[in-house]
Participant: 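The structure that follows is given in the form of structure tokens.
In the text below, chain A, chain B and the rest are named by the order of the sequence lines, each starting its count at 1.
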Amino acid sequence: MDLSERRKRATQEATQWWFVLDSEPTQAERERYTDWLRESPVHIAEMMRIARVQQALELFEEWPDLPPYTPGEVPAAADRSNVISLPLDRSVSENSTAAAPSQPKRERSPRRTQAPSAVAAVLCCIAVGAAWFYPSYVGKVVQTEQAERHQLTLTDGSEIELDPQTRLRIRFGSDSRRVYLEHGRALFRVASDPGRPFLVQTDDTAVRALGTAFAVERQPQAVVVTVAEGKVAVFNTLRPQAPAALSTKRRRSSDEREGGSAPVYLTANQQLTVDRSGTVVPVHNIDSHRALAWADGKLVFQDDPIATAVAEFNRYNRIQLRVNDPLLANRPVTGTFNASEPESFAAFIQFVAGARISRSDTAVITLDTTR
Amino acid sequence: MNEPEAKRRLTDWFRQWRSPLRKFLKRRGSVPLADLDDAAQEVFLRLMRYERAEIVEHPQAYLFKMASNVAAEWSLKARYSKPHHSHWLAELRDDSDPEQAAAERKLKAGVKRALLSLPPAHREMLRLHFFEGLGRSEIAARLRTSERVVKRAFLRSYAQLREHLDADLLGVIQHGPE
């Protein structure tokens, strides 16, 4: 075998190993892989190149600029690109298949290969549909009470910051990482693992991410997705099999044909609100530092009524704030505060609004207007 | 004796084989690409020095840890032996370096060309995976095909991209007789 042929074979093998190792290889597989690595430096060089291909694909950002895909050409057919099709009529090809069972299957007539793949496609749809709803009933539950914040690191290295009064279920499988946000809000710093997309789901809205940081907040009437880093895709999951979209702006040929539309993509410093009916407020740009300050234990207010600010503080603390005077409650407040320091906030209100502070017991601070 | 403890931490660290991989890739961006085959030779020799059983535990972590070590050592050596080439060493520390950015742009343009050379269906599968974040079974469902077809498409695409990226970015690769 000449050198370039040998190198080509090494490329093939390296690619195959890359995918084997990407999904929890068995002991036997790891042994064979180790032996393969130790067979030749060419194998190592090829493995490094495949890693480079992986990196190039992860870094690539111009996917939307590529020519749109028209599904006229069936992937199964495209997969046979190196096969020369022979102008056999079907009866001949059926016969030849029967006569020579050891013949490579790629030479069978298209009809024979397409029927099983259609069945497989249907089965896949069912499987995906089932998997989609699965996490709402199973998985590890993590929740926080009022005044409790919680940070956890998942087995894949991803981190989640839970705001008070938040409940989520975590379910990691071999080809996906799913988190179901039941209520509250949380910030996700996702460790990149392209083989297992990271998915955060609320009722009808799912957010997918590769390596990125974003927050999902479940409000009574809406879901708010805020991206701090990287890129996420937001889907409407009412149709489980092909996550249908919220916005119709982008062209996504295969979906549109089925009456759905494409997901909405968000990048850093963008925020999207999806309300209960699935209506999307247009993506707007925000300062994610401000919008996600809560994840650092900060509360940011901008011309918000004191009543709103107080309600926020009360979610974060055992010490509760009360505002007795409705006029005071309606006054706007602007600033950044430590969520865990209601006393400082009370002192600030006392200072700027001339409010009177009283503590009836250790757990309640009452704000009132001075007479 | 806290050897078990140390060992456990080491295991944890190795389990995250992606972090050695990242390190390796980061350095790869800065070390002259033509050195890759020499680096592979060096990694090969080092792999032979380890117990097989040890590598088997976390082969990918070992591989990329060694590769990034080799790259790091070579960049140190290069600092002393080829001072006029040390400009790329600075890039090891500074990601925002304009040359690094230019290299990245070039890589992206290369990737785009390489992607355009793929069959559209294969390209679509890569897009669904890397842009929309779908797993293989989900891609199969979306495109109404089987997971096996998707898997084969990925294998082929990677091999094909490796050829194209080589031509674009690595030049012609010389494999000496080993």
Participant: So which heavy atom on B:A40 is nearest to which on A:P41, and how close?
Facilitator: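 For B:A40 and A:P41, the tightest heavy-atom pair comes out as CB-O, 3.6 Å.
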Participant: Return yes when atom CD of A:Q27 has more than 12 non-hydrogen atoms of other residues, nucleotides or ligands closer than 6.0 Å, and no otherwise.
Facilitator: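 Atom CD in A:Q27 is packed in, count exceeds 12.
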Participant: In Å, rounded to the nearest 0.5 Å, how long is the span from CZ of B:R127 to CG of A:L66?
Facilitator: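 Reported value, rounded in 0.5 Å steps: 8.5 Å.
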Participant: Answer yes or no: is there a side-chain heavy-atom contact under 4.5 Å between B:F130 and A:E58?
Facilitator: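 Answer yes - side chains close enough.
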Participant: Measuring heavy-atom distances to chain B, does A:L57 have an atom under 4.5 Å in its side chain, in its backbone, in both, or in neither?
Facilitator: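 Both parts, backbone and side chain.
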Participant: Nearest 0.5 Å, what's the CG-CZ distance between B:L115 and A:F60?
Facilitator: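 Separation between the atoms: 5.0 Å.
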Participant: Using non-hydrogen atoms and a 4.5 Å limit, figure out which bit of A:E31 sits close to chain B: side chain, backbone, both or neither.
Facilitator: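 Looking at A:E31, backbone and side chain both touch chain B.
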Participant: Could you tell me which non-hydrogen atom of B:R136 sits nearest to which non-hydrogen atom of A:F19, and how far apart they are?
Facilitator: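 Looking at all heavy atoms of both residues, the closest pair is NH1-CD2, 3.5 Å.
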Participant: Among B:R52, B:K112, B:K151, which has the most heavy-atom pairs under 4.5 Å with chain A?
Facilitator: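 Top option by heavy-atom pairs under 4.5 Å: B:R52.
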Participant: Under 4.5 Å from any heavy atom of chain A, what part of B:I55 do you find: side chain, backbone, both or neither?
Facilitator: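 Interface part for B:I55: both.
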Participant: Hey, are the side chains of B:F44 and A:V42 touching, using non-hydrogen atoms and a 4.5 Å cut-off?
Facilitator: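 They are not in side-chain contact.
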Participant: Contact between B:Y158 and A:T11 at the side-chain level, heavy atoms closer than 4.5 Å - yes or no?
Facilitator: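 They are not in contact (no side-chain heavy atoms under 4.5 Å apart), so the answer is no.
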Participant: Between B:V43, B:L45, B:V56, which shows the greatest number of heavy-atom pairs under 4.5 Å with chain A?
Facilitator: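 Sorted descending by pairs with chain A, the first entry is B:V56.
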Participant: Using a 4.5 angstrom heavy-atom cutoff, name the option from A:Q16, A:R30, A:Q12 with the most pairs to chain B.
Facilitator: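 If we count pairs closer than 4.5 Å to chain B, A:R30 comes out on top.
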Participant: Given A:W63 and B:E124, is the side-chain contact (heavy atoms from CB on, under 4.5 Å) satisfied, shown in steps?
Facilitator: CA-CA 9 Å; A:W63 296 102; B:E124 176 66 1; over 6 Å; no
Participant: Could you tell me which portion of A:P67 (side chain, backbone, both or neither) has an atom closer than 4.5 angstrom to a non-hydrogen atom of chain B?
Facilitator: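 Both the backbone and the side chain of A:P67 come within 4.5 Å of chain B.
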Participant: Kindly compute the distance separating CE (B:M66) from CD1 (A:I44), expressed to the nearest 0.5 Å.
Facilitator: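 Output value for this atom pair is 9.0 Å.
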Participant: One pair to check against salt bridge (charged side-chain N to carboxylate O under 4.0 Å, His left out): B:E163 and A:R49. What are the steps and the verdict?
Facilitator: CA-CA 10 Å; B:E163 303 297 335; A:R49 290 201 170 88; over 6 Å; no
Participant: Please state whether the side chain, the backbone, both or neither of B:L63 comes within less than 4.5 Å of a heavy atom of chain A.
Facilitator: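 Only the side chain of B:L63 comes within 4.5 Å of chain A.
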Participant: Is there a side-chain contact between A:T15 and B:R162 in this structure, where contact means two heavy atoms from C-beta onward sitting under 4.5 Å apart?
Facilitator: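 SC-SC contact between A:T15 and B:R162 ruled out.
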Participant: Could you check if a side-chain atom of B:L134 sits within less than 4.5 angstrom of a side-chain atom of A:R208, using non-hydrogen atoms only?
Facilitator: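 Yes, at least one pair of side-chain atoms sits under 4.5 Å.
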Participant: Between A:R178 and B:E138, is the salt bridge (charged side-chain N to carboxylate O under 4.0 Å, His left out) condition met? List the steps.
Facilitator: CA-CA 14 Å; A:R178 291 169 193 273; B:E138 291 162 314; 3.3 Å; yes
Participant: Identify which part of B:L155 has an atom lying under 4.5 Å from any heavy atom of chain A, answering side chain, backbone, both or neither.
Facilitator: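 The answer is both parts of B:L155.
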Participant: Kindly say whether the aromatic ring centers of A:Y265 and B:F131 come within a distance under 6.0 Å.
Facilitator: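 That pair passes the under 6.0 Å test.
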Participant: Considering only heavy atoms from C-beta outward, does the side chain of B:L47 approach that of A:T34 to under 4.5 Å?
Facilitator: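 Answer no - side chains too far apart.
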